[in-house]
Amino acid sequence: MRQLIESGSEGNSNAFIRASEEVVQEERAKQHHLLANDLEKILYGRSKAGAARHLNLVQRLPVDRERNLPLLQVQEPVRRLEGLGCFPTTTTLCWMKFCRDITGRNCWKSNGLYPADRLLFCGPPGCGKTLTAEVLAGELGLPLATVRIDSVVSSFLGETAANLRQVFDFIAPVPMVVLFDEFDALAKERADEADHGELKRVVNAFLQLLDACKG
């Protein structure tokens with residue numbers, strides 16, 4: 001901080017940028033992603049790290065081997081909590097009961113606990129499920145990865161489960177908010193006798209992958 005103020009008062013722009021970048025890196029290391037993003041926007045006029053992060057993720061997207069389609073779509077969220085336009089109780093749930101726990105997860109872990117990091121959205125089309133996922137990503141300062149169920153589901157035997165494994169392998173090492181959109185197309189009841197055995201195996205595989213995921 002001293003270096004930052006000294007370089008700014010002396011008009012040394014190069015030293016000021018270096019000191020500012022160190023402050024941004026320190027805040028990001030503390031999991032203060034929102035503050036780090038805001039500081040970068042002030043410093044560069046845009047989120048430099050966010051743009052680089054997005055490009056890196058897009059270049060590594062897994063694809064369906066049957067049709068060569070990407071299994072996920074990654075975007076930098078632009079919606080924030082104040083634009084959600086929902087009831088105060090929903091806003092409180094999103095921020096106070098979820099985002100706050102995620103941002104304070106180091107405190108949880110120091111006490112041998114882990115915050116809830118998964119949500120199930122349900123409701124009719126157009127009620128704001130996808131929007132809420134983007135808002136959560138924006139509030140947490142993380143990219144939003146939307147899993148494309150139309151690409152994940154394959155006509156080849158065993159390929160759908162293999163695509164799901166590719167998705168989980170991709171999302172596990174990188175902090176991000178992941179949305180399985182239109183998930184009802186995949187999440188069938190395991191006891192449903194109308195579905196064939198392949199889909200039942202896919203549901204079992206998904207639940208196992210979800211339980212094992214540490215991302």
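Note that the numbering runs from 1 along the sequence shown for the chain. Computed from a prediction, not measured in an experiment: that's the story for all the values here.
Between L57 and P143, the closest heavy-atom pair is CD1-CG, 3.8 Å. The shortest non-hydrogen separation linking S151 to P70 is OG-O, 3.3 Å. A pairwise comparison of heavy atoms in A145 and V74 identifies CB-CG2, 4.2 Å as the closest pair. Nearest heavy-atom pair across V152 and V147 is CG2-CG1, 3.7 Å. Nearest heavy-atom pair, E182 versus I149, reported as atom, atom and distance to 0.1 Å: O-CG1, 4.0 Å. Contact record, A137 with L144: CB-CB, 4.0 Å, taken as the closest heavy-atom pair.
Not one N or O on the side chain of S154 forms a donor-acceptor pair closer than 3.5 Å with the backbone of E159. No donor-acceptor pair under 3.5 Å is formed between the side chain of R201 and the backbone N or O of G158. Of the possible donor and acceptor atoms, one in the side chain of K129 sits under 3.5 Å from a partner among the backbone N and O of P124. The backbone N or O of E66 lies less than 3.5 Å from a partner atom in the side chain of D64, making a donor-acceptor pair.
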Practice task
Starting from the C-alpha separation in whole Å, work towards a yes-or-no answer on side-chain contact (heavy atoms from CB on, under 4.5 Å) for E134 and V177.
Solution key: CA-CA 8 Å; E134 182 183 354; V177 172; over 6 Å; no
Practice task
Evaluate the criterion side-chain contact (heavy atoms from CB on, under 4.5 Å) for residue pair L72 and R148; output intermediate values, then yes/no.
Solution key: CA-CA 5 Å; L72 304 96; R148 299 180 52 178; 5.9 Å; no
Practice task
Apply the test side-chain contact (heavy atoms from CB on, under 4.5 Å) to residues L61 and Q166: give CA-CA distance (whole Å), side-chain angles for both, the deciding distance (0.1 Å), then the verdict.
Solution key: CA-CA 9 Å; L61 287 177; Q166 284 197 81; over 6 Å; no
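When the side chains of ILVMFWY residues are joined at heavy-atom separations under 4.5 Å, either directly or via intervening members, L207 and F180 end up in a single hydrophobic cluster. Both L210 and M176 sit in one connected hydrophobic cluster of ILVMFWY residues. Membership requires side-chain heavy atoms under 4.5 Å apart, directly or through other members.
Remark: L71 CG to I171 CD1 distance equals 11.5 Å, nearest 0.5 Å. Rounding to the nearest 0.5 Å gives a distance of 10.5 Å between CG of L142 and CG of L136.
Within 6.0 Å of CZ in R165 there are 12 or fewer heavy atoms belonging to other residues, nucleotides or ligands.
Between Q73 and T146, the side chains place no donor N or O within less than 3.5 Å of an acceptor N or O (distance only, hydrogens not considered).
Ring-centre distance between F183 and F121: not below the 6.0 Å cut-off.
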